[in-house]
Amino acid sequence: MVGSIIDGKQHAINLRKRIKLATDNLISKYGITPGLAVVLDGNDPASEIYVRNKGIQTKEAGMESLEFRLPEDTSEEKLLKNVKELNKNQSVNGILVQFPVPQHMSQQKIIETILPSKDVDGLHPVNSGYLASGLRGMVPCTPQGSALLIKETLGDLSGLHAVVLGRSNLVGKPIVQLLLRENCTVTICHSRTKNLKEVCLSADILVAAVGKANMITKDMVKPGAIIIDVGVNRTSEGLVGDVSTEVKEVASQITPVPGGVGPMTVVMLMSNTVKSALEN
Ligand code: NAP
């Protein structure tokens with residue numbers, strides 16, 4: 001068996017069209033142009049690229065894009081003041097502070113300063129609480145995009161066994177919640193999990209969000225399983241995921257790296273901004 005590729009880029013293009021329609025509708029019916037503010041502190045090259053891409057996609061979706069570039073030695077107090085002003089700004093529906101921030105800042109403090117309704121990254125504890133309680137709220141972008149790819153590929157997920165590798169607040173835990181909502185039976189694995197291979201072999205859906213290049217090999221995968229590779233690892237051979245390419249030989253469907261989960265992440269940010277504009 002050779003598994004087919006889940007084309008994240010194509011899914012993202014389709015979704016972008018739907019988001020553009022929703023934006024146009026908001027503008028023409030209610031005179032509301034959704035606005036996304038991105039704050040970048042410092043000059044990390046990878047963050048620069050992410051922020052530029054977000055700005056381009058925000059404008060392409062017909063939304064207002066605001067960028068705040070702060071020098072690396074900006075005090076935490078000043079950055080938090082900037083965030084508080086954005087909380088009050090009526091034309092801003094979504095606020096994203098690009099992480100990582102310089103070492104002298106508390107990432108958690110920043111997350112908790114953003115108004116939950118404008119927290120398009122979905123990391124505020126209020127939003128994590130909503131997600132864990134099965135309520136509406138902002139859902140982190142990468143997990144949301146990953147869950148959507150699974151849903152659009154398989155349809156009904158009821159009763160399937162999903163194994164999620166990774167338990168971060170950013171990726172692993174929210175994916176677990178989203179798969180529970182879809183009535184999967186979910187197992188969470190992390191660095192202390194014993195018998196990882198056996199657990200992985202029992203998965204109908206295997207989500208790898210660890211950050212270790214090629215750690216999932218084909219002997220760890222149940223024939224016919226669907227594989228979502230969230231990992232992004234820079235190696236001498238370029239960007240690779242957590243899942244080795246040989247897994248294609250046993251999986252039914254698999255997301256590539258790059259071109260799988262990555263393109264979905266930015267689109268979900270647009271989607272969260274429209275959601276915030278609609279609901280607030
Ligand atoms: P993270 O915070 O470092 O979390 C990694 C998780 O993997 C932790 O829960 C850790 O367990 C677990 N882990 C470590 N070694 C393991 C092992 N041998 N077996 C099983 N689990 C193990 O990373 P993250 O922020 O969640 O990101 C995970 C990956 O996704 C990274 O490669 C990141 O670059 C990528 N990512 C991609 C996107 C995208 O848009 N495509 C977005 C975000 C992140 P412990 O909790 O026990 O330490």
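In listed order, ligands and their atoms are each counted from 1.
- Under the 4.5 Å side-chain criterion, counting only non-hydrogen atoms from C-beta, I228 is in contact with I150.
- If you look at L170 next to ligand 1, the close heavy atoms, those under 4.0 Å, all belong to the side chain.
- Nearest protein neighbour of atom 20 (C) of ligand 1, counting heavy atoms only, is H190 O, 3.3 Å.
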Please test K197 against T217 for side chain to side chain contact (heavy atoms under 4.5 Å, CB included), starting from the C-alpha separation and ending with a verdict.
-> CA-CA 9 Å; K197 180 177 167 183; T217 46; over 6 Å; no

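- Looking at V232 against ligand 1, both its backbone and its side chain come within 4.0 Å, counting heavy atoms.
- Contact check on K218 versus E249 returns a salt bridge, with a Lys/Arg side-chain nitrogen under 4.0 Å from an Asp/Glu carboxylate oxygen.
- Of the protein's heavy atoms, V230 O, 3.7 Å lies nearest to atom 36 (N) of ligand 1.
- Evaluated by nearest non-hydrogen atom to atom 28 (C) of ligand 1, the leading choice among A209, G231, P140 is A209.
- Considering backbone and side-chain atoms together, S168 places an N or O closer than 3.5 Å to an N or O of ligand 1.
- Salt-bridge check for K59 with E64: failed, with every basic side-chain N at 4.0 Å or more from each acidic carboxylate O.
- The pair K81-E77 does not count as a salt bridge, with every side-chain nitrogen at least 4.0 angstrom from each carboxylate oxygen.
- A salt bridge links R69 with E67: the distance from a Lys NZ or Arg NE/NH1/NH2 to an Asp or Glu carboxylate oxygen falls below 4.0 Å.
- Both the backbone and the side chain of V210 come within 4.0 Å of ligand 1, counting heavy atoms alone.
- Here the rule is side chain to side chain contact (heavy atoms under 4.5 Å, CB included) with I227, and of I216, I254, T255, V207 only I254 fits it.
- Backbone and side-chain nitrogen or oxygen atoms of G172 are examined, and none is located within less than 3.5 angstrom of a nitrogen or oxygen of ligand 1.
- Ligand 1 lies out of reach of M264, whose nearest heavy atom is not under 4.0 Å from it.
- Applying the 4.0 Å criterion to heavy atoms of V171 picks out, from ligand 1, the atoms 26 (O), 43 (C), 44 (C).
- Against a heavy-atom cut-off of under 4.0 Å, K212 is close to the following atoms of ligand 1: 14 (C), 15 (N).
- Here atom 11 (O) of ligand 1 lies nearest to S191 when heavy atoms of P143, G262, S191, P263 are compared.
- Results of the side chain to side chain contact (heavy atoms under 4.5 Å, CB included) test with V240 over T235, V257, T245 single out T235 as the only residue that passes.
- Residues Q10 and N14 have side chains that bring a donor and an acceptor to within less than 3.5 angstrom of each other.
- Of all atoms in ligand 1, numbered sequentially from 1 with element shown, those under 4.0 Å from a heavy atom of T265 are 39 (C), 40 (O).
- Considering backbone and side-chain N/O of R167, one or more are found under 3.5 Å from N/O of ligand 1.
- Every atom of ligand 1 with a heavy atom of G166 under 4.0 Å away is listed here by number and element: 6 (C), 7 (O), 9 (O).
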